[in-house]
Amino acid sequence: MADNAPESQETLSNLLQETRRFAPPAELAAAANITADAYEQAAADRLGFWEQAADRLTWSRKWDTTLEWNPPFAKWFVGGQLNVAYNCVDRHVEAGNGDKVAYYWEGEPEGDSRTITYADLQREVNRAANALQELGVRKGDRVAIYMPMIPELPISLLACARIGAIHSVVFGGFSASALQSRIEDADAKLVITADGGYRRGNPSALKPTVDEAVANTPNVEKVLVVRRTNQEIAVNDRDVFWEDVVAKQSDQHEAQPHDAEDPLYILYTSGTTGKPKGILHTTGGYLTQTAWTHHAVFDLKPETDIYWCTADIGWVTGHSYIVYGPLANGATSVIYEGTPDTPHRGRFWEIVQKYKVTILYTAPTAIRTFMKWGDDIPAKFDMSSLRVLGSVGEPINPEAYVWYREHIGASKTPVVDTWWQTETGAIMISPLPGISHAKPGAAMKPLPGIVADVVDDQGNSVPNGGGGFLVVKEPWPSMLRTIWGDDQRYIDTYWSRFENMYFPGDGAKKDEDGDLWLLGRVDDVMLVSGHNISTTEVESALVSHPKVAEAAVVGATDPVTGQAIVSFVILRGNAEESDDIGAELRNHVAKTLGPIAKPRQILVVPELPKTRSGKIMRRLLRDVAENRSIGDVTTLADSTVMNLISEKLPSAKSED
Ligand code: 6R9
C-alpha cells in the first residue's frame with residue numbers, strides 16, 4: 001500500500017484479515033437460553049424486550065414508565081421499586097434453594113476454602129445490614145469498601161444495597177492517596193476494610209493504607225475491619241471490628257424496596273488522565289441488564305453450571321459478573337482470593353478441576369500470560385467440565401483467542417469476547433454462544449436491545465469493511481446515569497463528540513459481514529504516512545507469530561512517516577531471543593497486514609506496563625519510544641516494570 005493510496009482518507013484502517021470461524025456446538029445451540037429471534041424481537045420492540053428482561057427480577061412495585069429519556073439523562077423503569085439484595089439472595093431461599101451454593105470461596109493459601117449457600121449468604125448479609133444501621137449508615141449514605149477478595153466483600157456490597165446505602169469499592173491495590181481522593185469525592189462516612197489479604201503467598205496489609213487515607217478525611221465516622229490475615233495492626237478510635245459488630249447481629253433483616261432509579265453504587269474509573277470519574281449506577285436498570293446478559297452471554301443454567309469470573313470485585317467486571325448478575329440469576333460461583341501463579345502456575349486450572357467449573361470468564365492479559373508460561377501447564381489438569389469461555393478487558397488477539405479455545409476449552413468450547421465498560425455497567429457487544437459463528441478477535445454484534453455502530457469523525461455510519469469510532473445510539477438500562485457530582489463532565493466526556501450518541505472512546509471496525517471488531521482506545525491510534533492504524537491490529541499480528549506471547553505497540557514521532565510503529569514484545573516461554581528476531585517479526589507484520597504496518601523497531605522486553613486491572617499502558621511506552629523521561633506511573637500495577645524495560649533499551653533491535 002503506497003502513501004497516496006485512497007485508504008489514506010479513511011477514519012481507521014482495516015488491515016487484519018481473519019478467516020477462521022467457530023460454529024456453536026450443536027448440543028449447546030439446541031438447549032441455548034437465547035435463540036436468534038431475540039435479535040428480531042428486540043429490534044422490533046426494544047423497550048418491550050427490556051421490559052421482559054426486567055420481568056426476570058422480583059419487583060415490589062411494577063414500574064409506570066419503561067424509559068424517560070432526556071438526552072443524555074436516562075431513567076429506566078420509572079416508578080418501579082425493588083430491593084437488589086432481596087433479588088440476589090432472599091428470593092432464591094424463598095424459592096427453596098437455600099441449600100444451593102452461592103459461592104465456593106477459595107483462599108490463596110491452599111486448603112483455605114469456604115462454601116457459602118444462599119441461606120448462609122442471606123444470614124450474613126442480614127447481619128451486615130443490621131451492623132451498618134447500628135453504625136449509623138442510612139439510605140443514600142456512601143460507604144467506601146477497600147478489601148481483599150474474601151466473602152465479606154460481596155457481603156458488604158449486598159448489605160449496602162439492602163439498606164440503600166451507596167457503595168464505592170476501591171480496588172485493594174490502590175495507594176492511600178488514591179483511596180483518600182475517592183473517599184473525599186464520594187464523601188463516605190464509613191470505610192469497610194480488612195487487616196490484609198493474601199497475595200503471592202504472603203499476607204499483604206491493607207489497614208495501614210486506610211489509616212493513612214482516613215487521617216485526612218474527618219467525615220469518615222467509622223472504619224469497619226475484617227480480620228483476615230491476623231497481622232498486627234494499629235487500632236484507632238474510629239475502628240470497629242467485624243467480629244464484634246457484625247457477628248452479634250440478628251440474622252433477620254427486613255429488606256425495604258428502593259426506587260428503580262435510587263443509586264446503587266459509585267465506581268471510580270481513572271481513564272488515561274485526569275481526576276478519576278465516579279461512575280454512578282442505579283438500581284432497576286442495572287440489575288436488569290447485568291442479570292439478563294449473564295444469563296444470555298454465558299448461557300447460564302443455574303441448576304448445573306459452576307461459574308467462575310476471575311476478576312477482582314474492585315473492578316466493574318467483579319461488581320456485575322461476580323456479585324450482581326450471577327446472584328440475581330441464582331448461580332453457583334467460584335471466588336478466588338489470589339494470583340494465578342501461587343503457589344504454582346497451574347493454580348487456575350487446579351481450581352477449574354477441583355470445582356468442575358463449567359463457565360470461565362477472564363481477561364486477555366491473563367490468557368497471554370498463560371500462553372507465555374506454556375501449553376504443558378493447563379494440559380496437566382482435567383478441565384473437561386468447561387463449556388463456555390469468556391474474555392473481557394481488552395481486545396483479544398485472534399491468536400490468544402484460538403489458544404484459549406484450544407488449550408483451555410479442548411477445542412470445543414465457544415469463546416465469547418465481551419465488550420463493555422465501567423460506564424456501560426453490563427455487556428454490550430458479544431457473541432451469543434448458542435447462536436454466533438464466532439470469529440477469533442471479534443466481539444461480533446451488539447446484544448439484542450443494544451444499538452451500537454461504527455461512525456466516521458462526522459458521525460456518519462461507516463460501510464462494511466470500514467473503521468472508525470464506536471458509538472451507542474440508544475440508551476440502555478445499565479448505562480451510567482452521570483458522573484458523581486459532575487453532570488457537566490458526564491456530558492462533556494461521553495456525549496459531546498457526536499450529537500445524541502454515546503462515545504465510549506474506543507475505535508472499531510465493521511468487517512464485510514458487518515460484524516464488529518474492537519480496535520483499542522482511539523487515543524492510542526497511530527498515524528503512519530497518513531493512515532490511522534490501530535494498536536490492536538499490529539499487536540495481533542505480532543502475537544500471531546509463534547515466538548510472541550504478548551505485544552504492545554505505540555506510534556513514535558518519525559521525520560519521514562509522521563509517526564512510526566515501535567513494538568514491545570514478550571516472547572513465549574520456549575522461544576529463544578535470537579539476533580534476527582527483530583527482522584523476523586517486522587517482516588511477519590508486513591506480510592500479515594501490509595508494508596504500511598511494518599514496525600520501525602522491535603524491543604524484546606520481559607514485562608509490559610499495565611494498569612492494576614491488567615490493561616496495557618501505552619502512554620508510558622510512548623515516552624520510552626520517544627526517549628522522554630517517563631510520565632506519571634501512579635496507575636501502574638508494578639512500578640519496577642519501567643526499569644526493566646529501560647534496562648533493555650541499549651540492546652534494542654532498531655532497524656532502518
Ligand atoms: C469491563 C471493563 C473499559 C475499556 C473499554 C475498552 C476495553 C473491555 C473489551 C475491551 C476490546 C473487549 N475493553 N472489554 N476492548 N474488546 N472485549 O473492562 O471495563 O475497566 O471500564 O474498561 O476496556 O477499551 O473502553 P473498564
Side-chain angles (χ1 to χ4, degrees), residues 103-116 121 124 128 143-160 167-180 182-183 190-214 223-235 239-243 245-247 267-268 308-319 322-323 333-344 347-348 350-351 362-363 366 610-614 637-639:
Y103 289 127
Y104 288 113
W105 175 78
E106 181 81 6
E108 192 186 80
E110 270 187 301
D112 191 3
S113 55
R114 262 175 83 180
T115 299
I116 299 164
L121 190 61
E124 297 292 333
V143 174
I145 300 180
Y146 184 75
M147 285 173 96
M149 284 281 280
I150 55 177
E152 289 80 0
L153 174 53
I155 289 166
S156 297
L157 269 64
L158 292 162
C160 289
H167 59 72
S168 163
V169 182
V170 179
F171 173 65
F174 275 119
S175 67
S177 67
L179 176 59
Q180 182 185 327
R182 287 159 173 79
I183 290 173
L190 176 77
V191 180
I192 309 180
T193 188
D195 46 5
Y198 285 92
R199 206 99 199 125
R200 297 193 193 287
N202 293 305
S204 146
L206 290 172
K207 177 67 170 36
T209 313
V210 176
D211 291 344
E212 206 184 320
V214 301
V223 176
L224 175 58
V225 189
V226 179
R227 287 192 207 271
R228 159 71 179 133
T229 55
N230 291 308
Q231 290 164 281
E232 220 172 287
I233 50 171
V235 179
D239 298 345
V240 289
F241 286 85
W242 188 281
E243 63 199 16
V245 192
V246 181
L267 184 59
Y268 287 85
W308 181 23
C309 166
T310 70
D312 192 289
I313 292 174
W315 311 120
V316 74
T317 303
H319 281 58
I322 296 178
V323 184
S333 302
V334 173
I335 296 185
Y336 173 53
E337 177 187 28
T339 49
D341 52 354
T342 306
H344 57 81
R347 185 68 192 271
F348 269 28
E350 195 174 71
I351 293 174
T362 193
K610 297 203 178 135
T611 65
R612 289 176 175 79
S613 64
D638 174 359
S639 56

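Heavy atoms only: backbone and side chains are in, while hydrogens, waters and symmetry mates are out.
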K.L.:
Apply side chain to side chain donor-acceptor pair (under 3.5 Å) to Asp341 and list each qualifying residue two or more places apart in sequence or on a separate chain.
P.N.:
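For Asp341 the side chain to side chain donor-acceptor pair (under 3.5 Å) partners, ignoring immediate neighbours, are Arg200, Thr339.
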K.L.:
Test of understanding: with side chain to side chain donor-acceptor pair (under 3.5 Å), list the residues that count as partners of Glu337, not counting sequence neighbours.
P.N.:
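Expected list: Arg228.
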K.L.:
Under the salt bridge (Lys or Arg N to Asp or Glu O under 4.0 Å) test, which residues partner Glu243, sequence neighbours left out?
P.N.:
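Expected list: Arg227.
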K.L.:
How many angstroms lie between atom CZ of Phe241 and atom CG of Asp195, to the nearest 0.5 angstrom?
P.N.:
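Rounded to the nearest 0.5 Å, the CZ-CG separation comes to 8.0 Å.
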K.L.:
Apply side-chain contact (heavy atoms from CB on, under 4.5 Å) to the pair Ile233 and Val225, showing each step before the final yes or no.
P.N.:
CA-CA 10 Å; Ile233 50 171; Val225 189; 4.3 Å; yes
K.L.:
To check you understand the geometry: which heavy-atom pair defines the closest contact between Ala234 and Asp239, and what is its length?
P.N.:
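Smallest heavy-atom distance, with atoms named: O-OD2, 3.7 Å.
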K.L.:
Please report the interatomic distance CZ(Arg182) to CG(Leu267), rounded to the nearest 0.5 Å.
P.N.:
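Taking CZ in Arg182 and CG in Leu267, the distance rounds to 9.0 Å.
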K.L.:
With sequence neighbours left out, what residues match Pro151 under side chain to side chain contact (heavy atoms under 4.5 Å, CB included)?
P.N.:
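By the side chain to side chain contact (heavy atoms under 4.5 Å, CB included) rule, Pro151 matches Trp105, Arg114, Ile116, Ile155.
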K.L.:
For the residue pair Gly196 and Thr229, what are the closest heavy atoms and their distance?
P.N.:
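In terms of heavy atoms, the two residues are closest at C-CG2, 3.5 Å.
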K.L.:
Indicate the atoms forming the closest heavy-atom contact of Leu206 with Ala194, along with that distance.
P.N.:
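Smallest interatomic distance, heavy atoms only, reads CB-O, 3.5 Å.
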K.L.:
Who passes side chain to side chain contact (heavy atoms under 4.5 Å, CB included) against Ser177, sequence neighbours left out?
P.N.:
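Side chain to side chain contact (heavy atoms under 4.5 Å, CB included) check on Ser177 returns Ser175.
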K.L.:
Side chains of Val170 and Tyr146, heavy atoms from C-beta outward: is any pair under 4.5 Å?
P.N.:
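Sidechains of Tyr146 and Val170: in contact.
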K.L.:
Report the residues that fulfil ring pair (Phe, Tyr, Trp, His ring centres under 6.0 Å) with Tyr104, sequence neighbours left out, ordered by chain and then residue number.
P.N.:
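Testing Tyr104 for ring pair (Phe, Tyr, Trp, His ring centres under 6.0 Å), a comparison that skips the adjacent residues, returns Tyr355.
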K.L.:
Would you confirm whether Thr193, through its side chain, and Lys207, through its main-chain N or O, come within 3.5 Å as a donor-acceptor pair?
P.N.:
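Judged by distance alone, no pair lies under 3.5 Å.
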K.L.:
Could you report the tightest heavy-atom contact between Val226 and Met147, atom names first, then the distance?
P.N.:
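Nearest heavy atoms, Val226 then Met147: CG2-CE, 3.7 Å.
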K.L.:
Evaluate Val143 against Leu224 for side-chain contact (heavy atoms from CB on, under 4.5 Å), listing each step before the verdict.
P.N.:
CA-CA 10 Å; Val143 174; Leu224 175 58; over 6 Å; no
K.L.:
What is the distance from atom OG of Ser113 to atom CD1 of Ile335, rounded to the nearest 0.5 Å?
P.N.:
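If I round to the nearest 0.5 Å, the distance is 13.0 Å.
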K.L.:
Got a second to check how far Glu350's CD is from Tyr336's OH, nearest 0.5 Å?
P.N.:
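The CD atom of Glu350 sits 9.0 Å away from the OH atom of Tyr336.
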K.L.:
Looking at every heavy atom in both Cys160 and Ile145, which two are closest together, and how far apart are they?
P.N.:
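Nearest heavy atoms, Cys160 then Ile145: SG-CD1, 4.4 Å.
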K.L.:
Are Arg612 and Asp312 within salt-bridge range, i.e. N to O under 4.0 Å?
P.N.:
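No.
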K.L.:
Holding to salt bridge (Lys or Arg N to Asp or Glu O under 4.0 Å), I want the full list of residues that pass it with Glu106, two or more places apart in sequence or in another chain.
P.N.:
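Counting only residues at least two positions away or on another chain, Glu106 forms a salt bridge (Lys or Arg N to Asp or Glu O under 4.0 Å) with Arg347, Lys354.
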K.L.:
Report yes or no: does Tyr103 contribute a side-chain atom to a donor-acceptor pair with the main-chain N or O of Ile322 at less than 3.5 Å?
P.N.:
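At least one qualifying donor-acceptor pair exists.
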K.L.:
Going by the rule side chain to side chain contact (heavy atoms under 4.5 Å, CB included), which residues pair with Ala311 if we only count those two or more places apart in sequence or in a different chain?
P.N.:
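Checked Ala311 against side chain to side chain contact (heavy atoms under 4.5 Å, CB included); matches are Cys309, Thr317.
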K.L.:
Quick one: side chain to side chain donor-acceptor pair (under 3.5 Å) partners of Glu110, sequence neighbours excluded?
P.N.:
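Residues passing side chain to side chain donor-acceptor pair (under 3.5 Å) with Glu110: none at all.
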K.L.:
Could you tell me which non-hydrogen atom of Val191 sits nearest to which non-hydrogen atom of Val214, and how far apart they are?
P.N.:
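Minimum heavy-atom separation between Val191 and Val214: CG2-CG1, 4.0 Å.
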K.L.:
Is a donor on one side and an acceptor on the other found under 3.5 Å between the side chain of His167 and the backbone of Ala144?
P.N.:
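Side chain of His167 to backbone of Ala144, a donor-acceptor pair under 3.5 Å: no, none is there.
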K.L.:
Quick one: side chain to side chain contact (heavy atoms under 4.5 Å, CB included) partners of Ser613, sequence neighbours excluded?
P.N.:
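With neighbours one apart ignored, the set is Trp315, Thr611, Lys615.
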K.L.:
What residues form a ring pair (Phe, Tyr, Trp, His ring centres under 6.0 Å) with Phe348, not counting sequence neighbours?
P.N.:
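Phe348 satisfies ring pair (Phe, Tyr, Trp, His ring centres under 6.0 Å) with Trp308, Phe370 only.
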K.L.:
Could you list the residues that satisfy side chain to side chain donor-acceptor pair (under 3.5 Å) with Thr310, not counting sequence neighbours?
P.N.:
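If we apply the side chain to side chain donor-acceptor pair (under 3.5 Å) test to Thr310, skipping adjacent residues, the hits are Thr362.
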